[in-house]
Protein chains: 2
Amino acid sequence: MADTASQGGETLLFLTDEQLRKGIEAMFFAYRGFTADPDRILEHHGYGRAHHRAIHFINREPGLTVTTLLSVLGVTKQSLNRVLRTLIEDGLVESRVGKRDKRERHLYLTDAGGVLERELSGAQRERMRLAYRTAGPQAVAGFRQVLEAMMDPEMRRQYQMLKDTA
Amino acid sequence: MADTASQGGETLLFLTDEQLRKGIEAMFFAYRGFTADPDRILEHHGYGRAHHRAIHFINREPGLTVTTLLSVLGVTKQSLNRVLRTLIEDGLVESRVGKRDKRERHLYLTDAGGVLERELSGAQRERMRLAYRTAGPQAVAGFRQVLEAMMDPEMRRQYQMLKDTA
DNA sequence: CTTGGAAAGTCAACAAGGCTGACATAAAGT
DNA sequence: ACTTTATGTCAGCCTTGTTGACTTTCCAAG
């Protein structure tokens, strides 16, 4: 940590293969940490990451359509549907027929869904908060900048669309 | 991007739920980008991410034992073995019986394995290089600091052990 | 030298969560 | 009236994770 900090200050950035490989491994290990807490919670609810992702984005933008969620998640409708069906059956998600366009289904979290969402995001936010606090404000800005630059253009578009909504 | 930059400068860091949620989503979308290039390459070789991870760490530390690899990857030996077997059968990985302890199997990439490794890591490094260049040196340092702080202690240990080896 | 236990591998069965293809239905748009 | 769109569903496949049971090999301690 000490060396990365000094290196980020005023010195030049040497993009050696070694540097880049460390970044790659940092992503690998950090993503494991990132998903660890929700995974534990989901497990004794009988759900998986796919359910988490659906819940997250339905909470993020209540009333979004199935097609929108599909494109955000980047999976097939068959795959999403399997997850969505169980969430609806279990009473965590509600699917309402569209007012203007009755073909569309608008998705909302129920009260029970909201409870699970807060349980999941609470754990994840807590880890993120600790990481942010440990690393400091400058690090946080850099973190987001690099991640954003790492996205595919299409994903970046999705990310930025969601970015300033709430 | 402009707002995250100014925010990271001298202003205080407000760890609002909204801020944290943006970090969470950034991880989600960035990880997709992070794995996209290797996934494409692996596909027309008939392999998956599990193969990539094995190849990466075998290349990283040639001669490591199966047990070591197991603990780095965090999967069961049955799961790893399935992947490892195909890689050995296909002549990308060589498994040598340990000299001192003949129970141990030491893993090495063959020439063909090295070729695929360079193809995979080349693509991934290129994306990382571009992201680093776009974000700048300060951002890179922050990126690594936050990721490191986000890891579980056990993973961080693994990461740091590998960190200064090469 | 025998035996306990560690390291490695294997077989079987299962689940989650991706995928494709085919097909059905309702509603909107032309 | 016809086409397109949004959604859902059935069937089947693959990868990659899991558990449990079992074997073989071999080091090391008694």
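A, B, ... follow the sequence lines: proteins, then strands. Residue 1 opens every chain.
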K22(B) side, atom NZ; D17(B) side, atom CG - distance, nearest 0.5 Å: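 So the gap between those two atoms works out to 12.5 Å.
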Test item: L120(B) and L116(B) side chains (from C-beta on) under 4.5 Å apart, heavy atoms
yes
Interface with DNA chain C, restricted to residues 82-101 of chain A and to heavy atoms under 4.0 Å: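 Heavy-atom contacts with DNA chain C come from R82(A), R100(A), D101(A).
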Looking at residues 71-81 of chain B, who's got a heavy atom less than 4.0 Å off DNA chain C?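 Nucleic-acid contacts, sorted: K77(B), Q78(B), N81(B).
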Using whole Å, report how far [atom1] of [X] lies from [atom2] of [N].
X       : N       : atom1 : atom2 : answer
Y47(A)  : dA15(C) : OH    : P     : 17 Å
R103(A) : dT4(D)  : CZ    : C1'   : 8 Å
E43(A)  : dA16(C) : CD    : C1'   : 12 Å
L42(A)  : dG17(D) : CG    : P     : 18 Å
R49(A)  : dT16(D) : CZ    : C1'   : 12 Å
D39(A)  : dT16(D) : CG    : P     : 18 Å
R105(B) : dT24(D) : CZ    : P     : 14 Å

Do [X] and [Y] have side-chain N/O donor and acceptor atoms under 3.5 Å apart?
X       : Y       : result
R21(A)  : S121(B) : no
H51(A)  : T86(A)  : yes
E25(B)  : H56(A)  : yes
E148(A) : Q160(A) : yes
R105(A) : T65(A)  : no

Answer with yes or no whether the hydrophobic clustering places Y108(B) together with L69(B); edges join I, L, V, M, F, W, Y residues whose side-chain heavy atoms lie under 4.5 Å apart.
no
Exercise. Going hydrophobic residue to hydrophobic residue with side-chain gaps under 4.5 angstrom, can you get from L15(A) over to I24(A)?
Worked result: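 Linked within one cluster.
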Over all strands shown, is H51(B) touching base, sugar-phosphate only, or nothing at heavy-atom distances under 4.0 angstrom?
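Contact class for H51(B): sugar-phosphate only.
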Legend entry - Residues from residues 113-122 of chain B lying under 4.0 Å of DNA chain D - heavy atoms: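 Under 4.0 Å from DNA chain D: no residue of residues 113-122 of chain B.
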Short side-chain N/O contact from R32(B) to OP1 or OP2 of dG18(C), under 4.0 Å:
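Negative; the distance criterion is not met.
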Does K102(A) or E104(B) map to a spot on DNA chain C nearer the 5' end, using the closest nucleotide for each?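 Between the two, 5'-proximity favours E104(B).
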Between F28(A) and F57(B), does the ring centroid distance fall short of 6.0 Å? yes
- Query: Do E94(B) and R96(B) sit within salt-bridge range, that is, some charged N less than 4.0 Å from a carboxylate O?
  - Reply: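 Yes, this pair counts.
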